[in-house]
Number of protein chains: 2
Amino acid sequence: MKQSSLCPKFEKGMQLLGKRWTGLILYQLLSGPQRFCAIEEALPISGRLLSERLKDLEKEGLVHRHVYTDSAPVRVEYSLTEKGLALEPVILGIEKWSQAWIELT
Amino acid sequence: MKQSSLCPKFEKGMQLLGKRWTGLILYQLLSGPQRFCAIEEALPISGRLLSERLKDLEKEGLVHRHVYTDSAPVRVEYSLTEKGLALEPVILGIEKWSQAWIELT
DNA sequence: GTAATTAGGTTACATTTTGTTAGTAAGTAT
DNA sequence: ATACTTACTAACAAAATGTAACCTAATTAC
């Protein structure tokens, strides 16, 4: 791997979205705060990876994690931060492009 | 992995962009048709993977491959198809988001 | 009291995908 | 004949992913 003349911010941003599941998880959260199991059911992703991705996204500040300790079993809700929400147009753009251009085999 | 109620077109589109390097390769081609070695130099990607990704993108119809046999050594030029070019706003959107929100550690 | 259930994970391990390095084919230049 | 170039491909190690089983703590069913 060589040096690139790419903007490091852009490179990092692409690395985030260019990771499997990230886009779909963010898309799912666009419809509102959701619990772990709700996201797991909505996407064809396994619990292991969902957990891993949510941890990444939280670390990068795109997703917020809120634990409700009042009820049991514990409920954990994930929601988009301002930074995550700022990706909405991009994600909806991908959705539109897919509708327009992708053909199913 | 479970069933999802996701739109299959969107899922496939995300799968494309959610593959490592795809976004950066398309970004690079936005600046015009380019040769294999030019893309390789512009991005921190190895020849093996660049070759693999370009083959994928060609198969999906986002990229066109043109071989110039007149000169030697052979020149191969890659360019965006209409379908690939249609992703321009999305890719530039990711660039803008990265500039605005990514902080370098 | 014992067993089963639920939510949100984690561990262990097989399979795939990546990254790295070396090598190939066809045609030039020396 | 030897070296050099472009655009790859083969071989193999390292990392990421998919799959299944298990864990903890509280709650309910029997």
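Order of the sequence lines sets the chain letters (A, B, ...), proteins ahead of strands, with each chain counted from 1.
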Undergrad: Among dG19(C), dT10(C), dC8(D), which nucleotide has an atom closest to any side-chain atom of Phe36(B)?
TA: dC8(D)

Undergrad: What is the distance from CZ of Arg75(A) to C1' of dG9(C), rounded to the nearest Å?
TA: 17 Å

Undergrad: Which nucleotide wins on minimum distance to the side chain of Arg20(A), given the candidates dT17(D), dC8(D), dG19(C)?
TA: dT17(D)

Undergrad: Taking all atoms of both residues into account, what is the closest heavy-atom pair of Pro44(A) and Glu11(B), and its distance?
TA: CG-OE2, 3.5 Å

Undergrad: Can you tell me which nucleotide in dA7(D), dT18(C), dT19(D) comes closest to the side chain of Ser46(A)?
TA: dT19(D)

Undergrad: Hey, does the side chain of Ser51(A) reach the backbone of Gly47(A) with a donor-acceptor pair shorter than 3.5 angstrom?
TA: no

Undergrad: Take atom NE2 of His66(A) and atom C1' of dA7(C), then tell me their distance rounded to the nearest Å.
TA: 16 Å

Undergrad: Without decimals, in angstroms, what is the distance between Leu50(B) CG and dT6(D) P?
TA: 14 Å

Undergrad: Without decimals, in angstroms, what is the distance between Glu58(B) CD and dC8(D) P?
TA: 9 Å

Undergrad: Under 4.0 Å between a side-chain N/O of Lys55(A) and OP1 or OP2 of dT10(C), yes or no?
TA: yes

Undergrad: What nucleotide, of dT6(D), dT18(C), dG18(D), holds the atom closest to the side chain of Arg35(B)?
TA: dT6(D)

Undergrad: Scan side-chain atoms only and decide if Gln28(A) and Gln34(A) contain a donor-acceptor pair under the 3.5 Å cut-off.
TA: yes

Undergrad: Please state whether the phosphate of dT18(C), meaning OP1 or OP2, lies under 4.0 angstrom from any side-chain nitrogen or oxygen of Trp21(B).
TA: no

Undergrad: Determine yes or no for a side-chain-to-main-chain donor-acceptor pair under 3.5 angstrom, with Lys12(B) supplying the side chain and Cys7(B) the backbone.
TA: no

Undergrad: Using atom CD of Glu40(A) as one end and atom P of dT6(C) as the other, report the distance to the nearest whole Å.
TA: 14 Å

Undergrad: Report the nucleotide, chosen from dT17(D), dG19(C), dT19(D), that has the shortest atom-to-atom distance to any side-chain atom of Glu52(A).
TA: dT17(D)

Undergrad: For DNA chain C, whose closest nucleotide is more 5', that of Arg48(A) or that of Arg65(A)?
TA: Arg65(A)

Undergrad: Are Tyr78(B) and dC8(D) close enough that a side-chain N or O sits under 4.0 Å from OP1 or OP2?
TA: yes

Undergrad: Rounding to a whole Å, what distance do you find between Tyr68(A):OH and dA26(D):C1'?
TA: 19 Å

Undergrad: Contact between Val76(B) and Tyr78(B) at the side-chain level, heavy atoms closer than 4.5 Å - yes or no?
TA: yes

Undergrad: Please give, in whole Å, the distance from dA7(C) P to Ile39(A) CD1?
TA: 14 Å

Undergrad: Write down the distance between CZ (Arg53(B)) and C1' (dC8(D)), rounded to a whole number of angstrom.
TA: 16 Å

Undergrad: Between dG9(C), dG19(C), dT17(D), spot the one nearest the side chain of Leu49(A), thanks.
TA: dT17(D)

